[in-house]
Amino acid sequence: MLNQTLVTEFLLLGLTDIQELKPFLFVILLIIYLVNVAGNGAILMIVISDPRLHSPMYFFLGNLACLDICYSTVTLPKMLENFFSTHKAISFMGCISQLHFFHFLGSTEAMLLAVMAFDRFVAICKPLHYTVIMNPQLCTQMAITIWAIGFFHALLHSIMTSHLNFCGPNHIHHFFCDVKPLLELACGNTELNQRLLNTVTGTIATGPFFLTLLSYIYIITYLFLKTQSCNMLHRALSTCASHFMVVVLLYAPVIFTYIRPTSGSSMDMDWLIAIMYTVVTPALNPLIYTLRNKEVKGALNRAIRRRF
C-alpha cells in the first residue's frame with residue numbers, strides 16, 4: 001500500500017515558459033520523434049523480415065530499435081501535449097508509471113549495449129567459435145535476462161518512490177517524472193532513495209559501460225597484435241565504430257546525471273541532458289547504424305525495391 005499523501009497529481013513544468021518558443025520546440029521535437037519511430041521501425045522491420053540479418057548482432061540491434069521507440073514514447077508524447085496544455089497535470093500513479101518505464105527501458109538499453117559489445121568481441125577475437133558461443137539459445141537467454149533485470153531495477157525505484165510522502169508543492173521542474181525531481185518534492189527523509197539512486201542506478205550505468213570499454217580495449221589490442229592486413233583491420237574497426245558511437249551518446253549523459261548528488265545538481269542542466277538521451281540519441285541510433293553498416297543499407301535497399 002502507498003503511504004498517505006496530500007498530493008494526488010503533479011504538474012510537469014516542461015522545458016520553457018516562453019510562449020513564443022513553444023511552437024518551435026514542438027515542431028523540432030515532433031520531427032525528431034517521427035525520425036526515431038520511422039528509423040527504428042524500419043530497422044526492426046528489416047531485421048525481422050530479411051533472412052540475411054538473422055544473426056546475433058542484428059537480433060540485438062532489433063532489440064535496441066524496439067527499446068529506442070518505447071524509450072522516447074514514455075516521455076515525448078506527454079511533453080508535446082503539455083506545450084499547448086493549460087493544465088500540465090499527471091496523476092500520482094501516472095507519474096510513478098512513467099518513472100518505472102523510463103528506468104526499465106533505460107537500464108535495459110544500457111545493459112544491451114554491453115551485450116552487443118560482447119557479441120563484437122566474440123565475432124572479432126574468436127571468429128571460429130562465434131556460432132557455437134553466440135548460439136540462438138544463449139542470445140535469447142541474454143536478452144530475457146537484461147529485460148528482466150531492467151524491469152526489477154525500475155520496480156525497486158517505483159516502489160521506493162511511491163512510499164514517500166508528498167505533502168508540499170507538486171510542481172516538477174522537468175518534462176517527465178524522474179526520481180531526482182521527485183525526491184526534491186518529498187516531505188520525509190529521502191536518504192535511502194538517494195543512496196539507491198547513486199549505488200544501484202550508478203552500477204547499472206557504469207557497470208555495463210566499463211564492460212563495454214573493456215571489450216573494445218581487448219578488441220583493439222587483439223586487432224593490432226594479430227591482424228596483418230590493413231584492410232581487415234579497417235573492416236573490423238568500422239564494424240565496431242557505429243556501436244561505440246551509440247555507447248558514448250547514451251552513457252556519457254546518463255552517468256553525468258545519475259552519479260552526481262541531487263543537492264548539487266542544476267535542474268536546468270538535468271533536463272537539457274535528459275533531452276539528449278531520451279530524445280536525440282534514440283533518433284540518431286538508426287542513422288548511425290544505417291550510414292555505417294553495409295548489411296543494413298543493403299537490406300533497406302532490398303526492402304524498398306520489393307515495395308516499388
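Within the 3.5 Å criterion, the main-chain N or O of Asn198 finds no donor-acceptor partner in the side chain of Thr201. Between the Asn36 side chain and the Ile32 main chain, no donor and acceptor come within less than 3.5 Å of each other. Formation of a donor-acceptor pair under 3.5 Å by the Asn285 side chain with backbone atoms of Asn40 is not found in this model. Between the side chain of Ser85 and the backbone N or O of Glu81, no donor-acceptor pair lies under 3.5 Å. Between the Ser91 side chain and the Gly94 main chain, a donor and an acceptor come within less than 3.5 Å of each other. Checked by atom type and distance alone, the side chain of His157 never pairs as donor or acceptor with a backbone atom of His153 at under 3.5 Å.
Within the 4.5 Å cutoff, the side chain of Met116 has no heavy atoms near those of the Thr212 side chain. Counting heavy atoms from C-beta outward, Asp68 and Thr281 have side chains that stay 4.5 Å or more apart. Considering only heavy atoms from C-beta on, Phe92 comes within 4.5 Å of Phe166 through its side chain. Side-chain contact check for Val47 versus Val296: every heavy-atom pair is 4.5 Å or farther apart. A heavy-atom distance below 4.5 Å is found between the side chains of Cys177 and Gln98. Taking the side chain as every heavy atom from C-beta outward, Asn63 and Trp147 approach each other to under 4.5 Å. By the 4.5 Å heavy-atom criterion applied to side chains, Met111 and Met142 are not counted as neighbours. Looking at Leu80 and Pro77, their side chains never come closer than 4.5 Å, going by heavy atoms from C-beta outward.
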query = Should Tyr71 and Phe102 be marked as a ring-ring contact (aromatic ring centres under 6.0 Å, His included) after you check the CA-CA gap, both sets of side-chain angles, and the distance that decides it?
reply = CA-CA 6 Å; Tyr71 193 40; Phe102 175 76; 5.3 Å; yes
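Ala110 and Pro208 get closest at one heavy-atom pair: O-CB, 3.4 Å. Summarising the geometry of Glu9 relative to Asn170, their closest heavy-atom pair is O-ND2, 3.0 Å, with the distance given to 0.1 Å. Pairing each heavy atom of Ser107 with each of Gly150, the nearest pair is OG-CA, 3.3 Å. Minimum heavy-atom separation, Leu29 to Met79: CD1-CE, 3.5 Å. Val35 and Ala283 get closest at one heavy-atom pair: CG1-O, 4.2 Å. Nearest approach of Asn135 to Val132, heavy atoms of both residues: ND2-O, 3.0 Å.
Hydrophobic cluster membership differs between Ile69 and Ile48, with clusters built from Ile, Leu, Val, Met, Phe, Trp and Tyr side chains linked at under 4.5 angstrom. No continuous path of ILVMFWY side-chain contacts below 4.5 Å connects Leu11 to Leu99, so the two sit in separate hydrophobic clusters.
With salt bridges taken as basic N to acidic carboxylate O contacts below 4.0 Å, one links Glu191 and Arg195.
Counting heavy-atom neighbours within 6.0 Å of Arg52 CZ, excluding the residue itself, gives a total of 12 or less.
Taking the six-membered ring where the residue is Trp, His100 and Phe151 present perpendicular rings, their angle passing 60° and hence far from 30°. The aromatic rings of Phe176 and His174 are tilted relative to each other, their planes meeting at an angle between 30° and 60°.
Sorted by first and then second residue, the pairs that involve residues 12-33 and meet ring pair (Phe, Tyr, Trp, His ring centres under 6.0 Å), not counting sequence neighbours, are Phe26-Phe84.
Considering CG of Asp119 and CE of Met134, their distance stands at 4.5 Å, rounded to 0.5 Å. Note: Ser158 OG to Leu182 CG = 11.5 Å, rounded to the nearest 0.5 Å.
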